[in-house]
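Accompanying notes for the structure given below.
Position 1 is the first residue of the sequence, and the numbers go up from there.
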Amino acid sequence: MKASRFAAILVLAASLSQGATIISYTATADPAGSPDGTITSGGSGTANVWSTSTTGTAGSFSADSASNGDNSNVGGTGAGNPAWALWSNTGGESNAVHTLAGGALSVGQGIDLDFDNGFVNSGGTVGVSLQNAAGQNLFEFFFTGGNPNYRRNDFGGVVDTTTGFTDNGLDFSFALNSATGYTASLAGTAFSGSLISQTDQAIARVRVFNSSNQGNNGDNDLFFNNLAVSPEPSRLLFLALGLTLMGGRRRRY
């Protein structure tokens, strides 16, 4: 391969990676509102990103994510201002569900989300579920009050991650590597596994939930923001190679 063509591949791959996000949203209003977000990549304008539901005494709003936990977000990323937020009093649960606009997640695609839980009382739970179109869980990460670490739930069952509790926010990234295999990252710590066994294993929905047992304590509010669906860098490089090589072929007569 000529040096000029190889250079073109690298330039194309870099160009693709810079615009890699298929679609992304940032918070502008209560997730129960319509619209509740802005399309920041893969389109323009506003969008109704989330559908919400509650049981018991619970609800949603939008505010600065620094207002939960110890109100500082020192050492963490937080989820921004404004961010989407969920609250739940004792025995209640608040849910926000996003249906992927482009259809079910394809192999080579991933999901990213900024997640910032506050305090979680004993017996309470906050987390994120990736679900099929019927709302069945295929993967989860969550924190339960009284435990030291966040946990994940996949084909192998519920296991601890090595990520300890924080009220300062963390980044969640998930990539589908095969029809049922994934790699993920929580606060920069990577792990991998297989999706929970269901008849339908196509990831079509993202669910964020708060049943933190908080009473009337705003320190337990859960914030989230910057939802994005993106292709993996390796897939982009493969695409760049293919496009460049195809473009360099000459027709023979």
For the CD atom of Gln131 and the OG1 atom of Thr99, what is their distance to the nearest 0.5 Å? 9.5 Å

Smallest heavy-atom separation, Ala58 atom then Glu93 atom, equals CB-O, 3.4 Å

Going by the angle between their ring planes, with limits at 30° and 60°, are Phe143 and Phe165 parallel, tilted or perpendicular? tilted

Could you go step by step and tell me if Ser62 and Asp30 meet the side-chain hydrogen bond (donor to acceptor under 3.5 Å, both in side chains) rule? CA-CA 5 Å; Ser62 177; Asp30 185 333; over 6 Å; no

Under the 3.5 angstrom rule, does the side chain of Asn225 hit a backbone N or O of Pro82 as a donor-acceptor pair? yes

Taking a hydrophobic cluster as the set of Ile, Leu, Val, Met, Phe, Trp and Tyr residues connected by side-chain heavy atoms closer than 4.5 Å, whether directly or through intermediates, do Ile196 and Phe142 fall within one such cluster? no

Check for a donor-acceptor pair, side chain of Ser212 on one end and backbone N or O of Thr125 on the other, with a separation under 3.5 Å. no

What heavy-atom pair brings Asp114 and Gly78 nearest, and what distance separates the two atoms? CB-O, 4.2 Å

Sidechain-backbone polar pair: Asp160 side chain, Asn149 backbone, donor-acceptor under 3.5 Å: no

In the structure I gave you, are the side-chain heavy atoms of Thr57 and Trp87 within less than 4.5 Å of one another anywhere? yes

Side-chain heavy atoms nearer than 4.5 Å, only ILVMFWY residues, links allowed to pass through others: does that put Leu105 and Phe172 together? yes

Taking the side chain as every heavy atom from C-beta outward, state whether Thr162 and Phe191 have any pair of such atoms under 4.5 Å apart. no

Determine whether a donor-acceptor pair (N or O, by modelled atom type, separation under 3.5 Å) exists between the side chain of His98 and the backbone of Val206. no

Is it the case that one hydrophobic cluster holds both Ile39 and Phe224, taking links as side-chain heavy atoms less than 4.5 Å apart, direct or via other members? yes

Flag side-chain contact, heavy atom, 4.5 Å: Arg151 against Glu140: no

Would you give the length of the straight line joining atom CG of Asp70 to atom OG1 of Thr166, rounded to the nearest 0.5 angstrom? 8.5 Å

Evaluate the side-chain proximity of Ile22 to Pro231: yes if any heavy-atom separation is below 4.5 Å, no if none is. yes

To the nearest 0.5 Å, tell me how far Leu138 CG sits from Thr180 OG1. 10.5 Å

Any donor-acceptor N/O pair, Asp200 side chain to Asn132 backbone, under 3.5 Å: no

Donor-acceptor pair, distance only, cut-off 3.5 Å: does the side chain of Ser65 make one with the backbone of Gly80? yes

Looking at Gly193 and Asp154, what are the two nearest heavy atoms and their distance? CA-OD2, 3.9 Å

Rounded distance [0.5 Å steps], CG in Leu195 versus CZ in Phe139: 9.0 Å

Would you indicate whether the side-chain heavy atoms of Asp112 and Ser230 approach each other to under 4.5 Å? yes

Do Val97 and Ile111 share a hydrophobic cluster, counting only Ile, Leu, Val, Met, Phe, Trp and Tyr and linking them when any side-chain heavy atoms are less than 4.5 Å apart? no

Do Thr28 and Thr46 make a side-chain contact, defined as non-hydrogen atoms from C-beta onward lying under 4.5 Å apart? no

Report yes if some heavy atom in the side chain of Leu222 is under 4.5 Å from a heavy atom in the side chain of Asp116; otherwise report no. no

On the 0 to 90° scale, with breaks at 30° and 60°, tag the Phe61-Phe223 ring pair as parallel, tilted or perpendicular. perpendicular

Measuring centre to centre across the rings, with the benzene-like ring taken for any Trp, is Trp84 within less than 6.0 Å of Tyr25? no

Minimum heavy-atom distance Ser67-Asp219, with the two atoms named: O-OD1, 4.1 Å

Taking Asn137's backbone N and O only, do any of them form a donor-acceptor pair with Gln198's side chain (distance below 3.5 Å, no angle check)? yes

How many angstroms lie between atom CG of Leu86 and atom OG1 of Thr54, to the nearest 0.5 angstrom? 10.5 Å

Any donor and acceptor pair, going by atom type alone, linking the side chain of Ser24 with main-chain N or O of Ser41 inside 3.5 Å? yes

Do Tyr150 and Phe209 belong to the same hydrophobic cluster, where Ile, Leu, Val, Met, Phe, Trp and Tyr are linked whenever their side-chain heavy atoms lie under 4.5 Å apart, directly or via other members? no

Return the orientation label for the Tyr182 and Phe174 ring planes: parallel under 30°, perpendicular over 60°, tilted otherwise. parallel

Does any N or O in the side chain of Ser94 come within less than 3.5 Å of the main-chain N or O of Gly59, such that one atom is a donor and the other an acceptor? yes

How far does OG1 of Thr161 sit from CG of Leu186, to the nearest 0.5 angstrom? 5.5 Å

Looking at Ser192 and Thr183, what are the two nearest heavy atoms and their distance? CB-CG2, 3.8 Å

Heavy-atom donor-acceptor pair, Asp221 side chain to Asn68 backbone, under 3.5 Å: no

Nearest heavy-atom approach of Ala133 to Ala204 is N-CB, 3.8 Å

